[in-house]
Amino acid sequence: MATAGRSSPPRRANRLIYERSPYLQQHAHNPVDWYPWGQEAFDKAKRENKLIFLSVGYSTCHWCHVMEEESFKNQEIGEIMSKNFVCIKVDREERPDVDKVYMTFVQATSGGGGWPMSVWLTPDLRPFVGGTYFPPEDSAHHVGFRTVLLRIAEQWRQNQEALLQSSQRILEALRSLSRVGTQDQQAAPPAQEVLTTCFQQLSGSYDEEYGGFSQCPKFPTPVNLNFLFTYWALHRTTPEGARALQMSLHTLKMMAHGGIHDHIGQGFHRYSTDRHWHVPHFEKMLYDQGQLAVVYSRAFQISGDEFFADVAADILLYASRDLGSPAGGFYSAEDADSYPTATSSEKREGAFCVWAAEEVRALLPDPVEGAAEGTTLGDVFMHHYGVKEDGNVSPRKDPHKELQGKNVLIAHSSPELTAAHFGLEPGQLSAVLQEGRRRLQAARAQRPRPHLDTKMLASWNGLMISGFAQAGAVLAKQEYVSRAAQAAGFVRRHLWEPGSGRLLRSCYRGEADVVEQSAAPIHGFLEDYVFVIQGLFDLYEASLDQSWLEWALQLQHTQDKLFWDPKGFAYFSSEAGDPSLLLRLKDDQDGAEPAANSVTVTNLLRAASYSGHMEWVEKAGQILAAFSERLQKIPLALPEMARATAVFHHTLKQVVICGDPQGEDTKEMLSCVHSTFIPNKVLILADGDGAGFLYRQLPFLSSLERKEGKATAYVCSNFTCSLPVTSPRALQELLCA
């Protein structure tokens, strides 16, 4: 993809230069009179009776870059835009509320969606035409952006009243289409029906050979894998349970072997453009790393296979090293595009990550001891990772010819097969491949890095807190738990207002890595609360620091106050009171990130178990009732909520360990809990401090005591507890009963 050279002369900036969003700043030198989303733009549209052109994207979006290069940097197209429209740029990661309203429109009217999103609005913000990427000029198959702009401007001049009437009808249809809720005391749908249907739908879409749940493009979808783990846990002795586990573990192995996994720089790319997990879309998103760290940790917890533990560690190394802020939080993403060399004038997708065969040979010329004469490190490495002399990327997966002659590393054969092919011992092969990866990483460090989006979001930091906390607990890595606590402290310092109790959506890296806020801070959305609360619950279970639990429950109360729908039930995605938002929506799809209402069902059940506030259990049931029709018909759209349905109906187990947090016997009992996959449990440490937060919240803890001075475990449901046990083996039997 061509982008402006580094030697381009400075251009006059538009008003986006004053914004903090990296995405908006990328467009600050376009020859377009851009406005950020806000009253100044709305007033101009009404005052001049102009249509609004709304462009929504994000800073690491490849096709957003393409449309900018082709259209927004084009002087003539920029003049058409500025003359006929009030042009507004929105970073979808800063303003998911705006993005979701207009994406609902685009999906409903075009049958598809994506970014960049291009929508034309009346001066009162009602959409009437929309799409995604437009090429700049007409072709045999597509109408060009220039033509679309001119036609819409002409329609507004000639048929203004008709467009206004059409936009009103569209808005009314959208309101009806997007309504989620129940008007009566409908019950939550039955768990077994929802679980069975979701399992069958996933099983029917499963790729038996390569794993995953589509042909191409193929996405990681941690929500599907988490559902399958829970389904397995509840059906361990059945053929369906065995298949659920096989589907999830095979998918995770194929992803880790594939090119979607960065074998040199660690972490996972956004998605695969083919069914083999080979050629990825190269951007790396924080939310993927957080969720995948959890899923790979759970895969290790269930299977005991160190392969999954190694992948989880690999993800967390990448997130900490490349996305970690010195202040403790995590940046949002790395771009797909970068300059191939320091002197290049054009960026290319994947340039930072791909290899020519001659590069690999030059880096790995050493002979391999024990292999056939003449065999080099490069020979072994290239065989194992599928490197071909003329490149290993199909032209069909490289429409812009950016990857010609290049290789995306993919582990085509197992280490055992590669070792056998070269007559090497497995340990020797491991050392050869490790040395090859080390040298390639050192070489890659000399290349220009992709753009880093240094915006820090509460929601995605919440997902990463879960990633580090759960991996720390399962893999017994205290450094991961400490990193999760560091990130939680960052959110509390920089993305929370102690006075109002409200979260903020975003903050930004300033000069010298100082954390800065925008002039008008954006308050948190539902997903910010939900993912941070989930992260804090996970952090409590990993660290047993009750301060995180106390803060999580405070945030849950704030979430209830700001977002709960007392009429139709469930939570709205955004607060009330913003006149620029035409709709208050409730997400009804678990996608790249789980829907906030899906995760909050389990959050509410955990909150009730930690606090004794049973109204949260009632709220969880009301959310499931509000989404009942969708859960019963197409639970595949809501696998995380389907999973939560099972947790709701099976009642959370409160696993209480009475003991000294520093005692070895207590640590052994905690290790037993952390090593066992139990989808419907909360962990509580009763340390004997009667004045502590948990004892104040849960009076029944005072009745539980250590037996014979030993760390003692109780497994409780609805605050009624089992007989005490004092050995990890006996606790294991209780947990798996």
Side-chain angles (χ1 to χ4, degrees), residues 107 111-114 180 188-258 260 268 270-278 280 288 291-292 294-296 298-299 302-303 308 587-595 597-599 601 624 627-650 677 679:
Q107 290 173 329
V180 172
Q192 195 53 51
E193 178 187 331
V194 171
L195 287 174
T196 299
T197 306
C198 192
F199 169 74
Q200 289 171 346
Q201 290 176 348
L202 279 172
S203 184
S205 64
Y206 177 65
D207 182 338
E208 301 284 351
E209 188 173 0
Y210 295 102
F213 303 93
S214 61
Q215 292 300 305
C216 65
K218 193 171 270 187
F219 291 83
T221 56
V223 288
N224 290 343
L225 303 170
N226 282 323
F227 168 83
L228 290 170
F229 285 153
T230 295
Y231 186 89
W232 165 78
L234 299 173
H235 302 84
R236 293 179 195 228
T237 60
T238 69
E240 292 80 10
R243 177 165 170 77
L245 186 59
Q246 182 271 331
M247 287 194 292
S248 49
L249 296 183
H250 181 60
T251 295
L252 287 168
K253 283 209 166 181
M254 295 307 291
M255 283 167 49
H257 291 319
I260 191 174
F268 278 79
R270 178 72 278 272
Y271 64 85
S272 173
T273 62
D274 54 65
R275 69 177 288 228
H276 315 104
W277 303 106
H278 180 205
D288 282 324
Q291 292 178 89
L292 287 170
V294 169
V295 175
Y296 276 98
R298 288 177 178 167
I302 290 166
S303 70
F308 298 114
D587 266 0
D588 63 355
Q589 184 145 355
D590 294 324
E593 303 163 62
N597 271 296
S598 296
V599 173
V601 172
L624 296 174
F627 288 88
S628 180
E629 182 179 2
R630 194 161 176 81
L631 282 169
Q632 290 176 288
K633 289 182 178 176
I634 44 169
L636 183 60
L638 285 167
E640 175 60 26
M641 193 176 288
R643 193 194 70 77
T645 306
V647 177
F648 176 79
H649 283 290
H650 283 80
F677 179 70

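Because only heavy atoms are used, hydrogens play no part in the values below, and waters and symmetry mates are left out as well, while side chains stay in. Each residue takes its place number in the sequence, starting with 1.
- Between the side chains of R643 and N226, no donor-acceptor pair of N or O atoms lies under 3.5 Å.
- Checked against a 6.0 Å centroid threshold, the rings of Y296 and F268 count as neighbours.
- Pairs of residues two or more places apart, or lying in two chains, that qualify as side-chain hydrogen bond (donor to acceptor under 3.5 Å, both in side chains) and include a residue from residues 240-252 are S203-R243, E208-R243.
- By the 30° and 60° cut-offs, the orientation of the rings of Y210 relative to H276 is perpendicular.
- Judged as a salt bridge (Lys or Arg N to Asp or Glu O under 4.0 Å), the pairs with a partner in residues 215-226 (not counting sequence neighbours) are, in order, D207-K218.
- The CZ atom of F227 sits 8.5 Å away from atom CE of M247, with the distance rounded to the nearest 0.5 Å.
- The closest donor-acceptor contact from the side chain of S272 to the backbone of D274 lies under 3.5 Å.
- Checked by atom type and distance alone, the side chain of S214 pairs as donor or acceptor with a backbone atom of P217 at under 3.5 Å.
- In this structure, R275 fails the cation-pi test against W277, since its NZ or CZ atom is not both closer than 6.0 Å to the six-membered ring centre and inside 45 degrees of the ring normal.
- Annotation: the span from F229 atom CZ to L249 atom CG amounts to 5.0 Å, rounded to 0.5 Å.
- The distance from atom CG of L638 to atom OG of S598, rounded to the nearest 0.5 Å, is 5.0 Å.
- Using modelled atom types and a 3.5 Å distance limit, the side chains of Q200 and T196 yield no donor-acceptor pair.
- Counting all heavy atoms, side chain and backbone alike, R630 lies closest to A637 at NH2-CB, 3.5 Å.
- Residues Y206 and G211 approach most closely at CE1-CA, 3.7 Å, considering heavy atoms.
- Without hydrogens or angle criteria, D590 side chain to E640 main chain gives a donor-acceptor distance under 3.5 Å.
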Query - Criterion side-chain hydrogen bond (donor to acceptor under 3.5 Å, both in side chains) on Q201 and S205, from CA distance to verdict - result: CA-CA 6 Å; Q201 290 176 348; S205 64; over 6 Å; no
